[in-house]
Amino acid sequence: FTGLNWATSVDVMGSVLTGGRAPLRALQAEDAFFKVVAYRGSLYEQAYRSARAEGLEGEELSKHIADFVFHPPEEAIEVAQDHARYVTLQSEMQGNWKTWQKGLNNRWLRWLVPFYKTPTNAVLYVAERSPIAPFTRRYKEAFEAGGAAAEKAQARWALGNAVAATLFFEIDQDNITGGISSSKEVRANYERMGIKPYHIRVGDTWVPYNVFEPVATLIGIVADTKE
């Protein structure tokens with residue numbers, strides 16, 4: 001085989017084994033779906049806020065929202081696009097996070113850290129809903145912006161703390177597990193009883209939660225801290 005024939009063969013083999021790259025296409029479709037939902041939701045939110053700020057009610061309020069959503073201002077479009085990226089963990093990195101991203105984006109380190117933006121955004125997403133939220137860049141910027149941005153940031157922080165308190169209670173009732181133990185023997189003893197790391201008890205069945213990001217990270221951190 002020449003180099004070109006070999007590359008073509010590998011490409012064809014990969015396409016066949018993945019069903020025409022079905023997993024990637026499904027992931028792209030899922031990403032696009034949630035981006036559209038978040039984008040449209042943001043436009044409706046902005047439209048309603050704008051109408052209420054003008055004191056509109058009834059038919060006038062409905063008409064204003066419809067006009068806003070179907071003919072949104074450029075600023076509203078930018079806000080909605082930013083929100084869509086935020087919801088799908090695709091927000092652009094800022095500050096030191098961006099510096100790290102640039103440092104890792106070279107031909108050698110990319111093999112060690114092929115994915116950076118999405119995992120980092122997942123961590124930041126959880127941080128905004130944790131006790132450390134007031135110390136994060138996103139929270140501070142939202143608080144300085146004031147208005148709806150500040151209220152949302154405070155709501156995320158409050159809701160995250162409320163969820164953490166609930167999780168602490170459920171973990172204390174032995175309904176949620178973290179890593180259980182660093183000891184293989186201890187984990188093996190628990191598994192013999194049907195209890196596995198990073199699971200939630202639903203009735204008499206233990207269900208893994210560590211596949212549902214970024215929520216899984218929040219649950220896991222609380223569970224590991226409690227344990």
Side-chain angles (χ1 to χ4, degrees), residues 21 23-43 45-46 72-164 167 178-179 182 198 209-226:
R21 296 182 174 82
L24 177 61
R25 295 177 187 276
L27 183 61
Q28 291 174 332
E30 178 189 24
D31 183 74
F33 172 79
F34 284 107
K35 271 190 169 72
V36 171
V37 171
Y39 176 83
R40 298 287 291 180
S42 178
L43 286 183
E45 175 194 339
Q46 294 179 74
E74 286 298 323
E75 183 180 349
I77 291 175
E78 291 180 8
V79 171
Q81 289 175 339
D82 285 342
H83 181 66
R85 285 189 287 267
Y86 172 78
V87 168
T88 54
L89 305 178
Q90 292 298 307
S91 296
E92 294 299 326
M93 297 289 97
Q94 296 179 334
N96 292 333
W97 297 110
K98 190 171 185 67
T99 302
W100 276 97
Q101 184 180 28
K102 289 181 179 178
L104 293 170
N105 191 27
N106 66 61
R107 60 184 301 181
W108 303 113
L109 291 179
R110 287 183 65 181
W111 287 94
L112 297 175
V113 187
F115 304 106
Y116 178 82
K117 181 188 288 186
T118 300
T120 302
N121 272 310
V123 172
L124 296 176
Y125 186 98
V126 172
E128 289 180 273
R129 292 156 178 80
S130 73
I132 68 169
F135 304 100
T136 63
R137 181 190 184 102
R138 289 182 176 180
Y139 183 94
K140 290 177 180 178
E141 289 180 348
F143 196 78
E144 289 175 1
E151 292 174 357
K152 285 183 179 180
Q154 290 175 316
R156 293 186 190 112
W157 179 39
L159 183 60
N161 284 313
V163 170
L167 291 174
S182 59
Y198 303 111
Y209 63 79
N210 56 349
V211 294
F212 300 104
E213 289 293 358
V215 178
T217 300
L218 175 61
I219 301 174
I221 289 174
V222 175
D224 286 338
T225 302
K226 179 67 171 64

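Residue numbers count from 1 along this sequence.
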Atom [atom1] of [X] and atom [atom2] of [Y]: how far apart are they, to the nearest 0.5 Å?
{"X": "F135", "Y": "S130", "atom1": "CZ", "atom2": "OG", "answer": "10.0 Å"}
{"X": "E78", "Y": "H83", "atom1": "CD", "atom2": "NE2", "answer": "16.0 Å"}
{"X": "I221", "Y": "L167", "atom1": "CD1", "atom2": "CG", "answer": "11.0 Å"}
{"X": "R129", "Y": "Y139", "atom1": "CZ", "atom2": "OH", "answer": "13.0 Å"}
{"X": "L159", "Y": "E128", "atom1": "CG", "atom2": "CD", "answer": "12.5 Å"}

Side chains of [X] and [Y], heavy atoms from C-beta outward: is any pair under 4.5 Å?
{"X": "V79", "Y": "Q46", "value": "yes"}
{"X": "T217", "Y": "V123", "value": "no"}
{"X": "K152", "Y": "E45", "value": "yes"}
{"X": "K102", "Y": "T99", "value": "no"}
{"X": "W97", "Y": "L124", "value": "yes"}

If you compare all heavy atoms of [X] against all heavy atoms of [Y], which two are closest, and at what distance to 0.1 Å?
{"X": "V222", "Y": "A164", "answer": "CG1-O, 3.9 Å"}
{"X": "P72", "Y": "I77", "answer": "CG-CG1, 3.7 Å"}
{"X": "A142", "Y": "A149", "answer": "CB-O, 3.6 Å"}
{"X": "Q90", "Y": "T118", "answer": "NE2-OG1, 2.7 Å"}
{"X": "S91", "Y": "N121", "answer": "O-ND2, 3.0 Å"}
{"X": "Y209", "Y": "G220", "answer": "OH-CA, 3.7 Å"}

* salt bridge (Lys or Arg N to Asp or Glu O under 4.0 Å): pairs with one or both residues in residues 117-127, sequence neighbours excluded -> E92-K117
* To do: Please list all pairs passing the salt bridge (Lys or Arg N to Asp or Glu O under 4.0 Å) test where one or both residues lie in residues 139-149, with sequence neighbours left out.
  => R137-E141
* Are more than 12 heavy atoms from other residues, nucleotides or ligands located less than 6.0 Å from atom CZ of F143? -> no
Counting N and O atoms only, with roles assigned by atom type, does the side chain of [X] sit under 3.5 Å from a partner on the main chain of [Y], one being a donor and the other an acceptor?
{"X": "N161", "Y": "W157", "value": "yes"}
{"X": "D224", "Y": "G178", "value": "no"}
{"X": "Y125", "Y": "Y86", "value": "no"}
{"X": "S42", "Y": "Y39", "value": "no"}

* **Check against side chain to side chain contact (heavy atoms under 4.5 Å, CB included), D31 and L27** => CA-CA 6 Å; D31 183 74; L27 183 61; 5.7 Å; no
* To do: Give the intermediate values and the outcome of side chain to side chain contact (heavy atoms under 4.5 Å, CB included) for residues M93 and T120.
  => CA-CA 9 Å; M93 297 289 97; T120 302; 3.6 Å; yes
